[in-house]
Amino acid sequence: MLRSKFFLSLVGALMLAAFSACSSKMGELSSDYFTVTPQVLEAVNGQVPATINGKFPEKYFNKKAIVEVTPVLRWEGGEAKGQPSVFQGEKVQGNDQTISYKMGGNYTMKTSFEYVPEMAKSELYLEFKATVGKKTVEIPAVKIADGVIATSELVEQTLATATPATGNDAFQRIIKEKSEANIMFLIQQANIRSSELKNAKAFTQEAKGINESVNKKITDVQISAYASPDGGLDLNTGLAEKRRDNTEKALTRELRKADVEAAVDADYTAEDWEGFQELVSKSNIQDKELILRVLSMYSDPEQREQEIKNISTVYSTLADEILPQLRRSRLTLNYEIIGKSDEEISNLAQNDPTQLNLEELLYAATLTNDPAQKEAIYKKAVAQFPNDYRAYNNLGKLAYQAGNLDKAESYYKQALQRKDAPEANMNMGLVALKKGDKAAAETYLGKAAGAEGLNEAMGNLYIEQGKYDQAVSSFGNLKTNSAALAQILAKDYNKARTTLDGVQAPDAYTSYLKAVLGARTNNPSAVTSNLKTAVAANPSLAKKAATDLEFAKYFTNSDFMSIVNQ
């Protein structure tokens with residue numbers, strides 16, 4: 001008799017208030033007692049997080065009961081369990097949350113599941129393990145949410161179109177060069193001495209050689225005449241002007257004799273304070289710092305000269321060692337070295353690459369859009385210049401763009417063995433992202449400062465980390481699938497639409513993202529038209545769309561179903 005009463009008491013304690021004491025569904029709980037945030041589960045940062053708010057109703061929880069509640073995500077062929085929570089009745093001695101029999105009680109559980117693709121078609125349940133004393137009480141599992149939206153996981157596909165960084169060549173077809181010579185003058189004189197005229201003749205012979213070279217071209221000749229900053233300004237102005245005129249006449253005569261046609265531009269500086277400061281700063285003369293301080297304190301030329309003369313201990317040294325070097329005309333020959341033409345470089349790259357230097361070989365690869373030809377050229381560069389990282393890096397880029405991650409990774413590692421270069425680090429970061437190693441990707445990208453395309457790579461990392469606003473910011477106005485994905489995840493649908501329309505080489509995933517965008521903005525025609533294009537380009541996307549909860553409300557749409565059931 002006592003045992004029968006205890007059994008009836010236990011049943012009453014665990015039954016839903018809406019059920020009578022004689023119900024056969026002992027302890028059953030309705031899904032109405034649970035809410036889940038988000039309502040449809042979503043993969044973020046490789047996890048499926050959920051916040052569950054539950055309620056034990058009034059007169060439900062037996063005072064001696066212990067109930068363990070476990071969230072379980074179930075799919076065909078598998079399941080994943082979250083962290084359980086334990087609750088106890090009022091007469092249980094323990095440290096778990098106590099639930100009142102009379103009032104019932106609310107509780108919150110946070111859980112997360114490591115995402116796997118099969119979760120796209122899944123259901124979230126709560127499973128209960130209940131005991132009253134030593135007796136087990138059955139509480140049926142309760143379904144509280146449907147499926148997992150895994151749009152963020154599309155980054156694994158959009159990453160395929162990310163642009164790895166190139167190890168750029170430093171090829172310059174036209175290299176600007178210059179050659180200089182000096183004609184020196186005696187103090188307060190402007191005539192060119194025969195010993196100095198030899199410098200003008202040697203300068204002219206160099207100009208003649210450049211003029212006759214097949215790959216060099218003279219731009220112009222400059223004459224800059226100076227007077228040293230001792231003496232009056234009027235005297236120095238006239239002196240510098242005469243030095244300019246005399247130098248121009250002499251040099252023009254010599255150029256004419258050598259049959260060199262070149263524009264001669266002549267100018268003068270009355271007092272060469274700039275040159276004076278440079279020579280003093282490079283010297284070891286006494287009181288150097290004091291002289292430089294005077295130059296910085298006074299701008300008036302006469303006051304400068306007087307203050308320096310007042311430093312009597314060094315003025316004689318200045319007069320002997322510094323000032324004579326400023327009484328001059330500087331001759332500057334500006335010319336260009338003209339490199340090989342694109343046609344010559346392409347031809348040599350194919351037929352005789354040993355005639356090309358490294359920069360020319362790397363440049364040759366930019367003259368073709370054929371990946372096979374690029375690869376052949378980079379391999380020749382590796383063979384001829386095995387210590388430079390760029391050809392290895394660029395071979396890795398070709399392998400990445402061809403979808404061969406292992407081959408790309410091998411080349412990038414060889415590049416890094418030669419130099420810890422930003423480009424190779426960025427590209428290794430992309431490989432790590434493709435392989436799902438976010439920690440390694442973050443480490444590599446942290447060493448890629450200055451690499452071209454780093455913002456795009458960081459945007460992809462931020463998507464993987466669930467930092468969608470940061471991803472949007474990092475992508476900026478870039479028009480790629482990944483940029484649009486970030487904008488969709490951040491719910492910036494107008495910008496996503498503009499981005500997708502601007503993708504230069506749209507592929508199946510461009511269209512798929514447009515279909516997702518159509519679903520999120522309640523545009524049925526955009527869903528079906530873009531999904532049709534996506535499936536035509538990549539038939540495997542039909543199966544994905546059939547279980548993708550982005551399209552949940554279209555699962556009964558005949559046009560939608562005709563596309564996914566092809």
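Note that the structure is a prediction, hence the values are computed from the model and not measured. Side chains included, hydrogens not; waters and symmetry mates left out as well; all remaining heavy atoms used.
Crowding of Lys129 atom NZ: a count of heavy atoms from other residues, nucleotides or ligands under 6.0 Å not exceeding 12. Annotation: Lys121, atom NZ; neighbour count of heavy atoms from other residues, nucleotides and ligands within 6.0 Å does not exceed 12. Residue Lys438 places its NZ atom among more than 12 non-hydrogen atoms of other residues, nucleotides or ligands, all under 6.0 Å distant. For Asp370, the CG atom is densely surrounded, since the number of other residues' heavy atoms within 6.0 Å is greater than 12. Taking a 6.0 Å sphere around CG of Asn477, one finds it holds 12 or fewer heavy atoms contributed by other residues, nucleotides or ligands.
Note that Arg74 lies in the cation-pi zone of Tyr125, set by a 6.0 Å cut-off to the ring centre and a 45° limit from the axis.
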As a quick check of understanding, evaluate side chain to side chain contact (heavy atoms under 4.5 Å, CB included) for Thr70 and Phe128, giving each step before the final call. CA-CA 6 Å; Thr70 303; Phe128 302 90; over 6 Å; no
Is there a salt bridge (charged side-chain N to carboxylate O under 4.0 Å, His left out) between Lys435 and Glu156 once you walk through the steps? CA-CA 9 Å; Lys435 292 190 171 185; Glu156 294 182 11; over 6 Å; no
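Between Leu485 and Val155, some side-chain heavy-atom pair lies under the 4.5 Å cut-off. Using a 4.5 Å heavy-atom cutoff, the side chains of Thr151 and Leu489 are in contact. You'll find the side chain of Tyr512 reaches within 4.5 Å of the side chain of Asp548, heavy atoms only. In this structure, Tyr115 and Asn45 have side chains that are not in contact, with every pair of non-hydrogen atoms separated by 4.5 Å or more. Within the 4.5 Å cutoff, the side chain of Met428 has heavy atoms near those of the Glu409 side chain. A 4.5 Å side-chain heavy-atom check between Asn425 and Asp420 finds at least one atom pair inside the cut-off. Counting heavy atoms from C-beta outward, Tyr378 and Leu398 have side chains that approach closer than 4.5 Å.
Annotation: Phe61 is in aromatic contact with Phe56 [ring centroid separation under 6.0 Å]. Checked against a 6.0 Å centroid threshold, the rings of Tyr392 and Tyr412 do not count as neighbours.
In summary, Lys102 and Glu90 do not engage in a salt bridge, as defined by a charged side-chain N under 4.0 Å from a carboxylate O. We find that Glu375 and Lys407 are joined by a salt bridge, their nearest charged nitrogen and carboxylate oxygen being less than 4.0 Å apart. Contact check on Lys514 versus Asp501 returns a salt bridge, with a Lys/Arg side-chain nitrogen under 4.0 Å from an Asp/Glu carboxylate oxygen.
Note that CE of Met426 is 6.5 Å distant from CG of Leu454, once rounded to the nearest 0.5 Å.
Taking the six-membered ring for Trp and thresholds of 30 and 60 degrees, Tyr107 and Phe87 have ring planes inclined between 30 and 60 degrees apart.
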